[in-house]
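Okay, so here's the structure we're looking at.
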Amino acid sequence: RLYGNPFAVIAAAIAVRNAEDPAALMAGKKFMNLASPDNLKLAQNVFKKRLNKLDKREQAAVVRVCHLRQPVVAAVLVELGVEKKLRHKLLLEGLIQMSGKPGERTYGAHRVVQMIFSRRDVTQHDVMGHIAHVCRVDGERAEGVQKLALLSESIRYSVGARRFRELPE
């Protein structure tokens, strides 16, 4: 029924975990029955419903995480106002994902969750300016390829935030 689609599998696993009667939910013919392997509408609807159940502060946190193009360490999320308790709630809801091993964990938004928001939602100038600042500060401390990558991201976010005076030299 899921065609091995990873986003649909995640959505189904969380729905089963949160269900009062998981066996009855799985037995239902309509539960997570994708029409085709590339149809993500069902998974998107599941994530959209979860997002709508969150309060405004939690929804704003998801939007801030969706601004990021790649997974980041927890310290960057804290800089963006997504503290540990909120991060864990969003992880439990499946709206953000964690990757890596202990001590090197990174966090980011699922691509399906990013697709729920409009382009305007995930390109807010103030958030992009803040991310540019964080990337620039981290880039100045880093060395080698990591420095180059962080400064490049800083430039990209500065241009997106229309803060041309804050571009790194």
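Everything quoted here is computed from the prediction, not taken from an experiment. For reference, positions follow the sequence shown, starting with 1. Note: hydrogens, waters and symmetry copies are ignored here, and every other heavy atom, side chains too, is used.
- Connection of V137 to V82 is not established within any shared hydrophobic cluster, with ILVMFWY side chains joined at heavy-atom distances below 4.5 Å, either directly or through further cluster members.
- The minimum heavy-atom distance between Q97 and A109, with the atom names listed, is NE2-O, 4.2 Å.
- Evaluated for a side chain to side chain contact (heavy atoms under 4.5 Å, CB included) with D138, the options V73, L150, L151 yield exactly one hit, L150.
- Rounded to the nearest 0.5 angstrom, E153 CD and L148 CG are separated by 10.5 Å.
- In this structure, F47 and G94 approach most closely via the heavy-atom pair CE2-O, 3.2 Å.
- There is no path of hydrophobic side-chain contacts, each under 4.5 Å, that joins V134 to V78.
- Between R87 and A74, the shortest heavy-atom contact is NH1-CB, 3.3 Å.
- Using a distance-only test at 3.5 Å, with no hydrogens or angles considered, a donor-acceptor pair links the side chain of S158 to the main chain of S154.
- A donor-acceptor pair under 3.5 Å is absent between the side-chain atoms of Y107 and the main chain of L91, judged by distance alone.
- Contact of the K53 side chain with the E93 side chain is not registered, since no non-hydrogen atoms from C-beta on lie closer than 4.5 Å.
- K48 NZ to F117 CZ: the interatomic distance, rounded to the nearest 0.5 Å, is 10.0 Å.
- Scanning all heavy atoms of the two residues, the minimum distance from V122 to C66 falls at CG1-CB, 3.6 Å.
- The two residues G81 and E83 have their closest heavy-atom pair at O-OE1, 3.3 Å.
- Remark: R50 CZ to Q59 CD distance equals 14.5 Å, nearest 0.5 Å.
- Proximity of a side-chain donor or acceptor of H130 to a complementary backbone N or O of E79 within less than 3.5 Å is detected.
- Side-chain contact check for L90 versus L54: some heavy-atom pair is nearer than 4.5 Å.
- R156 places a side-chain heavy atom less than 4.5 Å from the side chain of M128.
- Note: K89 NZ to I96 CD1 = 12.5 Å, rounded to the nearest 0.5 Å.
- A distance of 4.5 Å separates CG of L68 from CD1 of I131, quoted to the nearest 0.5 Å.
- Using modelled atom types, one side-chain atom of E58 and one backbone atom of D55 make a donor-acceptor pair closer than 3.5 Å.
- Within a 6.0 Å sphere centred on CD of E143, other residues, nucleotides and ligands contribute 12 heavy atoms or fewer.
- Remark: the backbone N or O of V63 is paired with a side-chain donor or acceptor of H67 at under 3.5 angstrom.
- Annotation: the span from R119 atom CZ to Q114 atom CD amounts to 10.5 Å, rounded to 0.5 Å.
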